[in-house]
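Below you'll find the structure, written out as structure tokens, and then a few comments.
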There are 2 protein chains.
Amino acid sequence: MKMSTRGRYALIIMINLAKNEEGYLSIKEISEKENISIKYLEKIISLLSKAGLVCVGHGKNGGYKLVKKPNEYKIGEILRVTEGPMEPAPCINDSNCDKKDTCEVYSFWNGLYENINSYVDDKTLADFL
Amino acid sequence: MKMSTRGRYALIIMINLAKNEEGYLSIKEISEKENISIKYLEKIISLLSKAGLVCVGHGKNGGYKLVKKPNEYKIGEILRVTEGPMEPAPCINDSNCDKKDTCEVYSFWNGLYENINSYVDDKTLADFL
DNA sequence: TGTAATTCCTACCAATTTGGTAGTATAATA
DNA sequence: TATTATACTACCAAATTGGTAGGAATTACA
């Protein structure tokens, strides 16, 4: 039950972009500020970019910036890009299981799932400014 | 953010023992009922045994049984034996970090941590009977 | 007292995930 | 057109996950 560095770094990246709403922020700047390798950040931010959470400026003075306002980003939205759906047990979205309505174990894991997701979806990037 | 099979199987084992409060239940019986390999179950139950959550009957007609009543086992107690502390981020119990009281990121992860733990500590084995 | 049933312990192993690094291509713009 | 960025592809080591194998120790019971 841990979040990988991908998810944690993705959040850090997004907070940095949120604090720099005016212009583009380059990977290099984030890397230096947060002490995370450029190459690894590059890999993580490309996930955010492909998911359409950030937009790209190429060339000189380029970098990344948010496409929405900070309060429009649920943290869950960011984490799911790098972590996938945060399901504690594989049965959560198993359409082959037809006993969900009576299974005590399913309802336990599903409750945890809903708990986690409502926590992360209840907070936005704006909460970090 | 997933629970490994160790944690999930540990819960299944404990539910089986709870349903068999009278006597000893062998790994073989659990294995056959739940379709999980004997050898893997053996490994997981030895963690529960070392942690003192179950007691052992050796030799013929032996097996395992609970040492407490089902309602005295918090699920969190069981999961932490196989999963360790369920900390989403390593900073949660990092005594070297002295910025916790002002760090927004820490307070976010810590909130998630408390959320998860209060969920799993709020339920007991008796809820599965 | 012997044997079957059971746990205990140590070691091993393959697949996947995690946390990166390296090098080159491509794109934009000053 | 040179420079500064991102984009893409490939690779890699370490840790974790999810097991398996084999034998030793313990106990019940015939």
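Throughout, a chain's letter reflects where its sequence line sits, starting with A, and its residues are numbered from 1. Side-chain atoms are counted along with the backbone in the values below, which use heavy atoms only and exclude waters and symmetry mates.
In this structure, CD1 of A:Ile45 is placed 8 Å from P of D:dT6, rounded to the nearest angstrom. One atom, NZ of B:Lys60, and another, P of D:dT27, lie 15 Å apart when rounded to the nearest Å. Between B:Leu48 atom CG and C:dT7 atom C1' there is a gap of 14 Å when expressed in whole angstrom units. Here the P atom of nucleotide C:dG19 and the CD1 atom of A:Ile13 are 14 Å apart, to the nearest Å. With rounding to whole Å, A:Leu25 atom CG is found 13 Å from D:dA5 atom C1'. In this structure, A:Ile38 places its CD1 atom 12 Å from C1' of C:dT21, rounding to the nearest Å. Rounded to whole Å, atom P of C:dT10 lies 13 Å from atom CG of B:Leu47. A straight line from OH of A:Tyr40 to P of C:dA22 spans 15 Å, rounded to a whole angstrom.
Looking at the side chain of B:Tyr9, the nearest of the listed nucleotides D:dG19, C:dT7, D:dT20 is D:dG19. With D:dA7, C:dC8, C:dG19 as the candidates, the nucleotide lying closest to the side chain of B:Val56 is C:dC8. Candidate nucleotides C:dT7, D:dT6, D:dG19 were compared by shortest atom distance to the side chain of B:Ser26, and C:dT7 ranks first. Of all nucleotides listed (C:dG19, D:dT17, D:dT27), C:dG19 comes nearest to the side chain of A:Ser4.
Among the atoms of the strands shown, none is found under 4.0 Å from any heavy atom of B:Lys2. Looking at heavy-atom distances under 4.0 Å, A:Ile27 makes contact with sugar-phosphate atoms alone, never a base. Residue B:Ser46 is classed as having no contact, given no heavy-atom separation below 4.0 Å to the nucleic acid. Among the atoms of the strands shown, none is found under 4.0 Å from any heavy atom of B:Tyr24.
We find that B:Glu83 and A:Lys2 are not joined by a salt bridge, their nearest charged nitrogen and carboxylate oxygen being 4.0 Å or further apart. Between A:Glu42 and A:Lys28 there is no salt bridge, since no side-chain nitrogen of the basic residue lies less than 4.0 Å from a carboxylate oxygen of the acidic one.
Contact between the side-chain N/O atoms of B:Ser37 and the OP1/OP2 oxygens of D:dG19 is not found at any separation under 4.0 Å. Put simply, B:Asn61 has a side-chain N or O that comes within less than 4.0 Å of OP1 or OP2 on D:dC29.
Annotation: of the two residues near DNA chain C, A:Lys43 and B:Ser49, the 5′-most nearest-nucleotide partner is B:Ser49. In terms of position along DNA chain C, the nucleotide closest to A:Arg8 lies nearer the 5' end than the nucleotide closest to the other residue of the pair A:Glu42 and A:Arg8.
Judged purely by distance below 3.5 Å, without hydrogens or angles, the side chains of A:Thr5 and A:Tyr40 pair a donor atom with an acceptor atom. A donor-acceptor contact closer than 3.5 angstrom is absent between the side chains of A:Tyr9 and A:Thr82.
Note: A:Tyr64 and A:Tyr24 fail the aromatic proximity criterion, with ring centroids not under 6.0 Å apart.
Side-chain atoms of B:Lys39 come within donor-acceptor range of the base of D:dG22, with a qualifying N/O pair under 3.5 Å.
The cationic atom of A:Lys99 (NZ for Lys, CZ for Arg) does not lie both less than 6.0 Å from the six-membered ring centre of A:Tyr106 and within 45° of the ring axis.
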